[in-house]
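Every heavy atom of this structure was used, including side-chain atoms; hydrogens, water molecules and symmetry mates were not. Numbers here simply count residues along the sequence, with the first being 1. Both counts, for ligands and for their atoms, begin at 1 and track the order of listing.
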Amino acid sequence: MKSIVIRQPNELVIEERDIPQPATGEVRVKVKLAGICGSDSHIYRGHNPFAKYPRVIGHEFFGVIDAVGEGVNPARIGERVSVDPVISCGHCYPCSVGKPNVCTSLVVLGVHRDGGFSEYAAVPAKNAWHIPDSIEDKHAVMVEPFTIAANVTGQAKPTEQDVALIYGAGPMGLVTVQALKGVYRVKQVIVVDRIPERLAMAERCGADLIINNSAQSLQAVLDEKGIKPTLIVDAACHPSILQEAVNLASPAARIVLMGFSSDPSSIAQQGITGKELTLYSSRLNANKFPVVIDWLEKGLIDPDKLITHVMDYRHVSDAMARFENDQQHCCKVLLTFAD
Ligand code: NAI
Ligand code: MN
Ligand code: ZN
């Protein structure tokens with residue numbers, strides 16, 4: 001089989017490898033579609049401190065089970081599945097409180113262990129989630145990015161009364177906008193970014209108000225309109241954003257952080273405690289695959305609004321280059337793995 005391998009930072013190759021045999025409790029997935037995510041690019045460029053090389057990247061993938069290991073029902077062969085990349089131990093403290101996404105022995109497919117940019121991948125059977133026939137392939141491959149939004153909203157619990165502010169109209173901001181509007185019916189969702197084309201995508205994803213903060217201050221625009229956000233999600237993830245978010249927030253607001261910067265955010269406690277703000281952080285997803293599959297079945301979200309490119313996996317270098325260099329026109333890039 002062919003696999004897309006990062007041999008070492010900045011060296012991407014399509015390598016011939018043996019087709020994996022599913023171990024006990026695993027299934028083998030014949031991959032049909034996979035999505036490129038910022039973290040794939042980070043591993044490619046050597047910017048992910050958790051990554052070990054060589055690595056088959058890819059943690060957003062969909063396919064069909066074509067073999068099962070011992071202890072797995074052979075009736076699953078032929079099943080269409082999306083794969084949750086989060087592999088957890090099931091018994092540590094975070095696992096025991098429903099946060100397998102921060103398991104003390106967390107393994108993420110495509111990061112710590114070989115992932116889905118491959119013609120076949122062996123994965124734990126319980127990570128392979130059944131996709132109903134009513135959900136088309138290119139929606140099924142988008143389950144994982146939407147689980148990031150499901151994890152954010154699962155913690156912040158949006159209501160229809162919220163006035164939400166989303167920083168960043170990249171893939172992560174856009175899935176969050178769709179969840180807030182389509183699932184939670186939030187009254188007003190505001191998106192701030194610096195790229196007009198991305199803001200236009202946010203509008204298509206349901207944003208009620210878009211603000212370009214490249215030439216004007218976000219604070220000035222919100223002040224002028226008398227808007228005090230009650231829920232703020234940082235899907236742009238610059239360390240300077242937290243302080244601004246605290247300043248902009250309504251008293252009693254919630255702020256959700258998604259960033260992994262190792263640079264400090266400088267922040268005064270008074271701003272947080274004075275308004276009794278709640279800070280959440282959100283990493284990957286905690287058992288959110290069934291939640292998003294349900295959203296898709298009910299038509300509450302529309303992955304098509306994020307997909308800008310579908311390319312053959314053999315063109316992965318070109319796909320990566322577009323993804324990295326053209327934020328104006330590129331959002332989600334899917335790779336097809338044909339027969
Ligand atoms: P992206 O880079 O495609 O999008 C970020 C957007 O934020 C860009 O459109 C950029 O123009 C905008 N932006 C940057 N600074 C800004 C500022 N100060 N004000 C307004 N807009 C600003 O990235 P993507 O894929 O959407 O991911 C966003 C972030 O989320 C990344 O930092 C990534 O590491 C993080 N992430 C976190 C996950 C989690 O589970 N916590 C999962 C996936 C991504
Ligand atoms: Mn992803
Ligand atoms: Zn655990």
Side-chain angles (χ1 to χ4, degrees), residues 34-43 47-48 57-61 83-111 115-116 141-152 155 165-177 190-202 210-219 221 232-245 248 256-262 280-286 288 306 308 323-328 330-333:
I36 298 180
C37 177
S39 55
D40 298 308
S41 156
H42 294 155
I43 297 170
H47 298 155
N48 182 321
I57 52 175
H59 61 270
E60 303 175 2
F61 59 109
V83 179
D84 186 343
V86 174
I87 300 176
S88 56
C89 78
H91 50 71
C92 67
Y93 170 71
C95 282
S96 76
V97 295
K99 294 192 176 226
N101 51 324
V102 286
C103 172
T104 55
S105 45
L106 177 68
V107 171
V108 181
L109 289 167
V111 181
V141 71
M142 294 291 288
V143 171
E144 196 277 343
F146 277 96
T147 63
I148 307 297
N151 209 64
V152 165
Q155 300 198 76
L165 170 66
I166 314 300
Y167 278 91
M172 289 303 109
L174 298 179
V175 291
T176 307
V177 173
I190 304 157
V191 178
V192 59
D193 201 299
R194 301 145 162 178
I195 304 174
E197 291 85 352
R198 287 202 151 186
L199 286 167
M201 287 192 90
I210 52 173
I211 299 173
N212 188 324
N213 65 343
S214 64
Q216 55 186 344
S217 121
L218 173 62
Q219 172 110 47
V221 176
I232 301 180
V233 180
D234 178 10
C237 306
H238 188 275
S240 65
I241 289 173
L242 179 57
Q243 178 66 66
E244 186 182 63
L248 297 175
V256 189
L257 301 177
M258 299 172 65
F260 292 95
S261 174
S262 55
Y280 293 98
S281 65
S282 185
R283 179 177 185 191
L284 303 166
N285 87 92
K288 298 297 190 237
L306 272 77
T308 51
F323 178 80
E324 290 174 341
N325 302 321
D326 187 5
Q327 290 203 312
Q328 278 87 347
C330 216
C331 183
K332 186 53 74 180
V333 181

message = Please determine whether side chain to side chain contact (heavy atoms under 4.5 Å, CB included) holds for the pair Tyr93 and Thr104, giving the CA-CA distance in whole Å, both sets of side-chain angles, and the decisive distance to 0.1 Å.
response = CA-CA 8 Å; Tyr93 170 71; Thr104 55; 6.0 Å; no

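- Side-chain contact check for Phe260 versus Arg283: some heavy-atom pair is nearer than 4.5 Å.
- For Cys92 atom SG and Cys103 atom SG, the angle they make at the Zn ion (ligand 3) is roughly 110°, to 10 degrees.
- Using a 4.5 Å heavy-atom threshold, the side chains of Ile148 and Glu144 count as touching.
- Between Lys288 and Asn101 there is no side-chain heavy-atom pair separated by less than 4.5 Å.
- Residues Leu106 and Val86 form a side-chain contact, since some pair of their non-hydrogen atoms from C-beta on lies under 4.5 Å apart.
- Proximity of Leu218 to Leu165: side-chain heavy atoms (C-beta onward) are separated by under 4.5 Å at one or more points.
- Residues Leu242 and Leu257 form a side-chain contact, since some pair of their non-hydrogen atoms from C-beta on lies under 4.5 Å apart.
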Could you go through ligand 1 and note, for every N or O atom, any protein N or O atom closer than 3.5 angstrom, writing the atom names and distance to 0.1 Å, or 'none'?
residue: ligand 1; atom: 2 (O); partner: Gln327; partner atom: NE2; Å: 3.4
residue: ligand 1; atom: 3 (O); partner: Arg198; partner atom: NH1; Å: 2.8
residue: ligand 1; atom: 4 (O); partner: Arg198; partner atom: NH1; Å: 3.3
residue: ligand 1; atom: 9 (O); partner: Asp193; partner atom: OD1; Å: 3.3
residue: ligand 1; atom: 9 (O); partner: Asp193; partner atom: OD2; Å: 2.6
residue: ligand 1; atom: 9 (O); partner: Arg198; partner atom: NH1; Å: 3.0
residue: ligand 1; atom: 11 (O); partner: Asp193; partner atom: OD1; Å: 2.7
residue: ligand 1; atom: 15 (N); partner: Arg194; partner atom: NH1; Å: 3.4
residue: ligand 1; atom: 18 (N); partner: Arg194; partner atom: NH2; Å: 3.3
residue: ligand 1; atom: 19 (N); partner: Asn213; partner atom: ND2; Å: 2.9
residue: ligand 1; atom: 26 (O); partner: Pro171; partner atom: N; Å: 3.2
residue: ligand 1; atom: 26 (O); partner: Met172; partner atom: N; Å: 2.9
residue: ligand 1; atom: 40 (O); partner: Leu284; partner atom: N; Å: 2.7
residue: ligand 1; atom: 41 (N); partner: Met258; partner atom: O; Å: 3.0
residue: ligand 1; atom: 41 (N); partner: Ser282; partner atom: O; Å: 2.7

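- Arg198 places none of its side-chain heavy atoms less than 4.5 Å from the side chain of Leu174.
- From Ile211, atom CD1 reaches atom CZ of Arg194 across 14.0 Å, with rounding to the nearest 0.5 Å.
- Side-chain contact between Leu284 and Pro85: absent, with no pair of heavy atoms (C-beta onward) separated by less than 4.5 Å.
- Taking a cut-off of 2.8 Å, the protein N, O or S atoms nearer than that to the Mn ion (ligand 2) are Cys37 SG, His59 NE2, Glu60 OE2.
- With the Zn ion (ligand 3) as the vertex, SG of Cys95 and SG of Cys89 span 120° to the nearest 10°.
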